[in-house]
Amino acid sequence: MRQFEYKRAENTRGAVHAHAGQASAYLAGGTTLIDLVKLDIMQPERLVDVNRLDLADIEHSDGGTLKIGAMVRNTTLAYDQTVQTDYSVLSEALLQGASRQLRNRATTGGNVMQRVRCSYFRDGVSPCNKREPGSGCSAIDGHNREVFAVLGTSEHCIAVHPSDMCVAMAAIGATVHLASADSERAVDFLDFHRLPGDTPHIEHDLKDDELITHITLDAPIKGAGSTYIKLRDRSSYQFALASCAAIVALDGDTIREARIALGGVGTKPWRCKQAEAALQGASATDESFKQAAQIAMEGATPYKHNAFKIPLARKAIVRALRDAAERARRSAGEPT
Amino acid sequence: MSRSASIIGAAVSRIDGPDKLTGRARYAGDFHPEGMTYAYGVYSTIARGRVVSIDTQAAMRCPGVLDVFHHGNFPSLHRSPASFAEENVVDEKRVPFEDDEVFYAGQFVALVVADSFEHARAAAYQVKVTYDEDTNTVATLAQAMEKRGSTHANDSERGDPEGAYQSAPHQVDATYTTPVETHNPMETHTTVARWIDGKLEVWDSTQGVVFTRNTLSKVFDLDPSRVIVHADFIGSGFGGKLWVWPHCIATAGAARELGRPVQFVLPRQQMFTTSGHRPETSQHVRLAADNDGTLLSIRHENVNSTSHVGTVVEACAGSTEGLYKCDNLRISHATSITDRGTPTAMRAPGAGVGLFALESAMDELAVKLGMDPLELRRKNFTDRDPGADLPYSSNHLLECYDRAAESFGWSRRTPGVGSMRDGDKIIGWGMAACNWDAMRNPCDARVTLHDDGSASVHCASQDIGTGTYTVLAQIASAELDLPLDRIDIKLGDSTFPHGPISGGSWATASLLPAVAEAARAAIDKIKEYAGKAGSPLADADPNDFVYEKGMVKDGHGKAVSIADILKPQQLASATGEAHTGGAPDSGYSFGSFGTHFVEITWEPAIAQLKVTRVVSAIDAGQIINQKSARNQVEGAIVMGMSSALFEATEYDERNARPVNNNYAEYLVPVNADMPQLDVILLDHPDYELNEFGARGIGEIGLTGMQAAVANAVYHATGKRVRDLPVMLDKLMDETE
Ligand SMILES: Cc1cc2nc3c(=O)[nH]c(=O)nc-3n(C[C@H](O)[C@H](O)[C@H](O)COP(=O)(O)OP(=O)(O)OC[C@H]3O[C@@H](n4cnc5c(N)ncnc54)[C@H](O)[C@@H]3O)c2cc1C
């Protein structure tokens, strides 16, 4: 029997202290971790249970930002009043993820840290550079339709970062707050997840002696409309084949500001800044949205079974931008 | 006869519902004999080659481990003859751990037994197996046909199909392919085995306690009377649990070696390897028709994937011979060997995928002819089975077409591709016929009238979740004139009177007559006792005896209870037994018929496909229970839709390992995918098949669904998808 130690942390200090220095894993909702431990893919020697930590609040903070504790459950976050009104893209993304049972357990920190769904990573026997650095990537020439990326891939790994929540956060703009025993630091959300490059086993900017304590969302863009479009084979309980979080703010029919982030196609939550720049000042028409979609998917690399994701992602982008713009228009028309 | 007819055909709720809801219903894994141990498998990670060595040292040192079995130390066993007539079918012929050869990924290479499930699993992870891998694996049917060719299985021909095809004005020539589908019942395969005094007792999630008993008796060389198999409840099987698979033999073998009971539960991942699947098929269909749509030639030639350790023929053309009137026909079946596990029957084997091809081709023909696809089918309807050259006992397919078309609103269909719209969505309407054999098998049953006024029914068949307990209770209640709650149905025990496997949709048609006859025999018995010395009716004329509501009446209306009749005889019960035969040889062909009408929407801007509406009409004889019958048809429709849109076990083409071997990635519909369902049950009794006029209903609803969906997809998009499943990437334009 593979033995592991279980420690229940009572505070952040205790948690990071218990975590540092050996093969540990924080146990939050456990919906990723326990699964992978049972499959013998993750083999922590110590589980540090963070469920007792005082990190389950959603609070307004400076400059209109929203501070979300790492232990806030996905369901709680999705139905939070502020999130539903100011960040509906986040609420929609969360509610299209996993299933209700899973969302009731899954936490904000755990969701950010969830592992890839690549079947070669999870089978425990195929070569996989994430599981066994240097062993090779089985997906590149294998079955690579569903949870495999076309953006941000490398010859060492093409697995998608599977989160929906993170896509919305990437679009909104966010900061990941990390605490170690004696210091705290903040990392731009877009820099937190790493591209696989030649080190696909290094997935994020989190040190061994650090814990995600919370995530702050940038203040909402005034008057913007937003939405999350998730495209997949079946209507729920499937990871995105392609998804798009879009936020659009208008001046009349001109785009004042636009945000686009993609899921299901990137090796990390994928923000499309060039496409956004092309939209700024453009008129909010299908023409502009299509052009933005074109730019967003430039440089995408198709693999054997997932080439369709490139046009599919464009469709998600166009539809998300159109719906977000429509919402922006409607909210502009609403009496205040 | 005192049959109270009102309960037959009624919408009776499942009598086992409360037990299932409260957890009283016990499934194989719920039996915990004294001294239980737990087994966990070690499965081959290669698809083809040899086991060079198995290092069990680390595993043996793990806590709680009792033993690790493998080809080096497992007892040598016998193969089952795999005979249907002898009722010992296996699809995988090989016995586990026979030798060091590996034929597919997921094959058992070792079995760890420990004092707990967790200990067994942890130790199994520690078994180190080294292989001599043959890397030239054959992962798919296409690879198999290219590298290994195919082996002819059977064929049948009438008229001159080639000549008639060549000279016909309209032809369709197309090849359709269907992927491997994996049975994914909620309850994975489970076996609990124990040996007492050289007798083997097994609790197994099986669709056939008698077949399992006979197979194990062959494998362990025991008289069948020394093997007992129980299956009180089964968390469904869909055909995957018809025959014995390696885990069951491995578990029973391990229990014998250890002298302790062993429980084994197959992990979900291995449901995709070592316990069967619907094989991959490639179906070549050629149709020819006259200008008015009359079919002039039908050819349906098929190859399906099979394994090195079992030859399974998927009878794709099973329905093709008899569904349409056509004088020139050829069907054939062949197999080709992949380095994958052995396939087996999966709900509606044969027609389940076969009608995807035939009914898609009929749609293609209708398009060529410029004819309404429904009209084309009506035109070629036959009330005679041209395959068997016999009239159908009862075929109401035309009425199915009429009623389903009416309810669906088919007359409002505009034939042009993409001609029907709803805002951004294109609507597609398609239809197809469905068909399933109406079979009946020999069956024994015992009915006992007890002195407390209750009755019990025994039969070594089983309820696989389809409602067999309930329909038998209805029949017993009707025959014995007793309320449902006084009837106790006992199934799932191989020591009961011989019953058939639960497959082929024949359980109802086979069991009902046997139970009814046994009930009548029990009534005769009680009448016999009523006339005996000491009985309160001893002086009456036995010819006047009438049985009614648990009482026997004489000619003067004097009524005596069963208890009062039995008591003077010093008896607690009266028993009737019956043996009824298979389908009567009465000059008829038996079949069930039906049709599906399907509406889909396709939204090209976001590449989203949805089945929005299904109307099906089914002619399956007398419906015994409106609730369970509807439930069966609705479930089958959903499964057919699942096959149309989602299901496919994907194998890595380089090494033949299944890659989507779990519930998250092997897609089946979720609630949100459910269309509006309207099931019309025709309810015309077929008295030629049995006295109740009932045919089976478990499978027919699946057949034809894929074609109805694909035909609707064509109507909306102009894309003819000939390779299942119809996924969105197959519908997207390459230019997008
Ligand atoms: C069947 C299935 C379907 C799913 N479908 C979807 C889907 O459609 N969309 C989607 O977005 N997600 C989906 N998920 C993934 C799900 O969202 C994640 O499993 C979940 O968000 C993880 O959160 P958790 O709290 O359970 O994490 P845990 O499993 O507890 O932890 C996951 C990882 O994060 C680490 N961790 C946890 N908290 C912290 C912290 N505060 N600081 C640092 N590290 C931490 C853990 O050590 C572990 O390595 C699905 C999951 C399953 C099982």
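In this text, all values refer to a predicted model and were calculated from it rather than measured experimentally. Naming convention: chains lettered A, B, ... in sequence-line order (proteins, then strands); numbering from 1 in each chain. Below, all heavy atoms of this structure are taken into account, side chains as well, without hydrogens, waters or symmetry copies.
When each of A:L312, A:D123, A:V147 is checked for heavy-atom pairs under 4.5 Å with chain B, A:L312 comes out on top. Residue with the most contacts toward chain B among A:A242, A:S138, A:A307, A:A316: A:S138 (heavy-atom pairs, distance under 4.5 Å).
In this structure, A:K315 and B:P604 approach most closely via the heavy-atom pair NZ-O, 2.6 Å. For B:R654 against A:G142, the heavy-atom pair with the smallest separation is NH2-CA, 3.3 Å. Of all heavy-atom pairs between A:R117 and B:E665, the closest is O-OE2, 3.9 Å. Between A:Y237 and B:Y663 the shortest heavy-atom distance is CE2-O, 4.4 Å.
For the pair B:Q608/A:R319, no side-chain contact is recorded, criterion being any heavy-atom separation below 4.5 Å from C-beta on. Two residues are said to be in side-chain contact when any heavy atoms from C-beta on lie closer than 4.5 Å; A:L241 and B:D729 fail this criterion. Under the 4.5 Å side-chain criterion, counting only non-hydrogen atoms from C-beta, A:R145 is in contact with B:M727. Inter-residue side-chain proximity for B:V668 and A:R234 is flagged as met; some heavy-atom pair is nearer than 4.5 Å. A 4.5 Å side-chain heavy-atom check between B:R657 and A:V125 finds at least one atom pair inside the cut-off. By the 4.5 Å heavy-atom criterion applied to side chains, A:S119 and B:E650 are not counted as neighbours.
By the 6.0 Å contact criterion, NZ on A:K38 is open, its count of non-hydrogen atoms from other residues, nucleotides or ligands being 12 or less. The number of heavy atoms from other shown groups lying within 6.0 Å of CD (A:E155) does not exceed 12. The number of heavy-atom neighbours closer than 6.0 Å to NZ of B:K425, taken from other residues, nucleotides and ligands shown, is 12 or below. Heavy-atom contacts from other residues, nucleotides or ligands closer than 6.0 Å to CD of A:E132 number 12 or fewer.
Proximity to chain B is absent for every atom of A:K290, based on heavy atoms less than 4.5 angstrom apart. A:S99 does not touch chain B: none of its heavy atoms, backbone or side chain, sits under 4.5 Å away. Neither the backbone nor the side chain of A:L102 comes within less than 4.5 Å of any heavy atom of chain B. For A:K309, no part sits under 4.5 Å from any heavy atom of chain B, backbone or side chain. Residue B:R121 touches chain A through its side chain alone, counting heavy-atom pairs closer than 4.5 Å. Neither the backbone nor the side chain of B:A123 has a heavy atom closer than 4.5 Å to any heavy atom of chain A. Both the backbone and the side chain of A:D141 have a heavy atom closer than 4.5 Å to some heavy atom of chain B. Only the backbone of A:R232 comes within less than 4.5 Å of a heavy atom of chain B; no side-chain atom from C-beta onward does. Residue contact with chain B, scored on non-hydrogen atoms closer than 4.5 Å, involves the side chain of A:Q238 exclusively.
If you take CD on B:E653 and NZ on A:K304, they are separated by 4.0 Å, rounding to the nearest 0.5 Å. Taking OG of A:S236 as the start and CG of B:D673 as the end, the distance is 7.0 Å to the nearest 0.5 Å.
Scanning for side chain to side chain donor-acceptor pair (under 3.5 Å) contacts around A:Y120 gives B:D652, with sequence neighbours left out.
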Inset, instruction - Under the side chain to side chain contact (heavy atoms under 4.5 Å, CB included) rule, what do A:H143 and B:N660 come out as? Steps first, then yes or no, please. - result: CA-CA 9 Å; A:H143 178 82; B:N660 58 340; over 6 Å; no

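Using a 4.5 Å cut-off between non-hydrogen atoms, the part of residues 110-120 of chain B that approaches chain A consists of B:E118, B:H119.
Between B:D424 and A:R322 there is a salt bridge, since at least one side-chain N of the basic residue sits less than 4.0 Å from a carboxylate O of the acidic one.
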